[in-house]
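I have placed the structure first, in the form of structure tokens, so that the comments after it can refer back to it.
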2 protein chains.
Amino acid sequence: MSTAPTVYDVAERSGVSIATVSRVYRNPDSVRAQTRERVLAAARDLGYVPSGNARGLASRSTGVLGLCFPDYADPDTDAEDDDAAMLYSDQIIRGMERAARRHGYALLIAASLKGGPESLVAKVAGRVDGFAVLARTVPTEELEGISRRRPVVMLAGPREEGDHLDHLDHIEVANFDGQRELTRHLIEDHGLRRLAFVGSAEESPDVGARFQGFLAACRAAGVDAPEEPAVRAAMMTQAEGARAADALCDRAGGPPQALVCANDQMAVGALHALERRGVAVPGDVAVTGFDGIPLGRLVRPTLTTVRQPMLRMGEEAVELLVRRLGGASAADPVSLMLPVTVARRASCGCGPEERTVAIGA
Amino acid sequence: MSTAPTVYDVAERSGVSIATVSRVYRNPDSVRAQTRERVLAAARDLGYVPSGNARGLASRSTGVLGLCFPDYADPDTDAEDDDAAMLYSDQIIRGMERAARRHGYALLIAASLKGGPESLVAKVAGRVDGFAVLARTVPTEELEGISRRRPVVMLAGPREEGDHLDHLDHIEVANFDGQRELTRHLIEDHGLRRLAFVGSAEESPDVGARFQGFLAACRAAGVDAPEEPAVRAAMMTQAEGARAADALCDRAGGPPQALVCANDQMAVGALHALERRGVAVPGDVAVTGFDGIPLGRLVRPTLTTVRQPMLRMGEEAVELLVRRLGGASAADPVSLMLPVTVARRASCGCGPEERTVAIGA
DNA sequence: ATGAAAGCGCTAACAT
DNA sequence: ATGTTAGCGCTTTCAT
């Protein structure tokens, strides 16, 4: 691969100055048609492609937006299921790509993979005009510095109270309201009163909010509400969900009437475990998830859950970034709370027909 | 947003030269620990992030791989279905992102959106070390020029015969073999003999190969094989699939015994149309698709189809690019044919249990 | 181990 | 309408 042709090569071949070559690409109308053709022809012959780097450097903008997300590999998910599982990040990517396209931006994506001083964010941040970060992908302090320099929007983690990040734009979903409504449904519409919340060991703000929503519904209905989740799974995977279900079944006093899982993956794992044990769902125990992954409609019984609008989240992220880049850089930080949808399906006892209820925001 | 800090700012603040600042990031061990700390501290204070552009310009490499794909929006797919539909491109993106991550690259994605001399590819090509292109996303000639300068791998379109693109690396799936096996199954295992192929109006090499596979199976079994697809849909969408099914049913002589659709989207549309007309599937007519989108397992009856390994395609694309970038730039063009899987589900008459058969390559 | 200086390929004034 | 000329922020010899 010989060294790539530059503006100089094209200029020389077409007998104009490099400025004119540049103009042909940036502002074609400012060049006489005939000249333009000559330049374009030379460029074609040479296989010339403008260097995005040089451009970005000279014009201080890249036309690229970015997304950083954590390395969400679920080792327990085989390739087959994986197809259907389509995680969060995939949907956010889709949403962002769509919206970015509408605004003429390309999208740079990268999943965390820590290294020396060269962290992931830095790499992305250095190549884009602005970017979104999935919560807890990168250390708070790192974002702190970067965000002083270019637009950053935080996704899915709540704005951290009184901390340095509160000047970032921020988008989250109605975790609390969604989980509360789902729990209320279990209690009031299905008459269940012994509910167990399956959470996670790591302190995730999202899971935290869901648990609070769960508690709120319990209290409102006068149902016994534990101060802690019944189980804290090490990871939010199917395997852990299955483990949690087993643990709950073996507990003195037998299984609860409902397993309220903090995400769909765990709920699906629980479904499998219960089936293996011969526990009927929803007959003996109801199971619910949170997220709305496609897999939830493939399992039997179909999974009752709270659907997050991840695609929209991606779109909104881009809109926010574009707005900032469009001059609104000084405006106050925006905080969006996106509404969720409770999808009542079979696993809570609602029967095969899916019924949905919009909640929050 | 004030102007971002540069190496100069960091150098000044830490009392070293810009060369040292650069070294701290590129080659930390070549700098005394104490100096390094000082630089890093200054960088942190300033919120310094190295400019990817300047870097790329100076070092002639970006650490980014790219993907260009066509604007596959199916206007007939509502957001709901869309969730499940997860198109090709999404899976390829996933595959590429994973593999890219393993090799330390980020991924730049952009869907076509034609413009002046500044085409999509050019934009991507100018910002990456190498990239993949979904077939027919960009004009052949444009790729021609670019590919002389940096690695390009063509996805999913067959290598064009004797044309200028045959020096590109290329990955495709076993369209012919897959469709032939599926058709053979319909004929031999289900005893069907009047089959209609639902193709597309635009000349797609993939659809072409599928039709040829269909024909080959028909001929091999002594079944009447039309020279042309029974229907050529304008687009390969659900709406068009439904239209095709209706047209076929209204035809003199009644519907065929099987609708062999060139992709899953159309097959799903056909399923809907047939249900509306009260035609039983697979009782009255069998329906098959091609692709293996998740939606195919959600519809009733579940869709018999040929599953393409799109995720793997993305991964292989990255492997190829990385190999080229690693010095194999002069090697002969590689052409990969990935095996497919026939997924026998309910819509061909195989019953509710999914059975799969690996085919090709 | 560190510094000085020459680009990398382009854009954007400013001239003409 | 086109040419001249500075940089843009970094990497990279080559010195020291």
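Per chain, numbering begins at 1; letters A, B, ... match sequence-line order. Given the structure is predicted, the values throughout are model-derived calculations rather than measurements.
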For the pair made of NZ in K123(B) and C1' in dC10(C), what is the distance, rounded to whole Å? 16 Å

So, does S51(B) get its side chain near the phosphate of dC8(D), meaning an N or O under 4.0 Å from OP1 or OP2? no

From M154(B) CE over to S335(B) OG, what is the distance, rounded to the nearest 0.5 angstrom? 11.0 Å

Whole angstrom value for the distance that separates P of dA1(D) from CG of D29(A): 10 Å

Any donor-acceptor pair under 3.5 Å joining the side chain of R23(B) to the base of dG3(C)? yes

To the nearest Å, give me how far apart OH (Y48(A)) and C1' (dG9(C)) are. 7 Å

Any ion pair linking R324(B) and D169(B) (charged N to carboxylate O, less than 4.0 Å)? yes

Per atom distances to the S59(B) side chain, the nearest of dT12(D), dT2(D), dC10(C) is dT12(D)

Rounding to a whole Å, what distance do you find between Y8(B):OH and dA4(C):P? 11 Å

Numerically ordered, the residues 12-22 of chain A set in heavy-atom contact under 4.0 Å with DNA chain C is I18(A), A19(A), S22(A)

Expressed in angstrom and rounded to an integer, what is the separation of L57(B) atom CG from dT11(D) atom P? 11 Å

Interatomic distance, R55(B) CZ vs dT12(D) C1' [rounded to whole Å]: 14 Å

Can you tell which of dA1(D), dC10(C), dT11(D) lies closest to the side chain of R26(B)? dT11(D)

R38(B) CZ to dG3(C) P, straight-line distance once rounded to whole Å: 9 Å

Gap separating the CG atom of L338(B) from the CD atom of E315(B), nearest 0.5 angstrom: 10.5 Å

Do R94(B) and D90(A) sit within salt-bridge range, that is, some charged N less than 4.0 Å from a carboxylate O? yes

Suppose we screen for ring pair (Phe, Tyr, Trp, His ring centres under 6.0 Å). Which residues come up paired with Y48(B), at least two apart in sequence or across chains? Y25(B)

Using a 3.5 Å distance criterion without hydrogens, assess whether the side chain of R127(A) forms a donor-acceptor pair with backbone atoms of G52(B). yes

Candidate nucleotides dG9(C), dC8(D), dC10(D), ranked by approach to the side chain of R60(A) - the nearest: dC8(D)

Value in whole Å for how far the C1' atom of dG9(D) lies from CZ of R127(A): 12 Å

Report yes or no: does D129(B) contribute a side-chain atom to a donor-acceptor pair with the main-chain N or O of G63(B) at less than 3.5 Å? yes

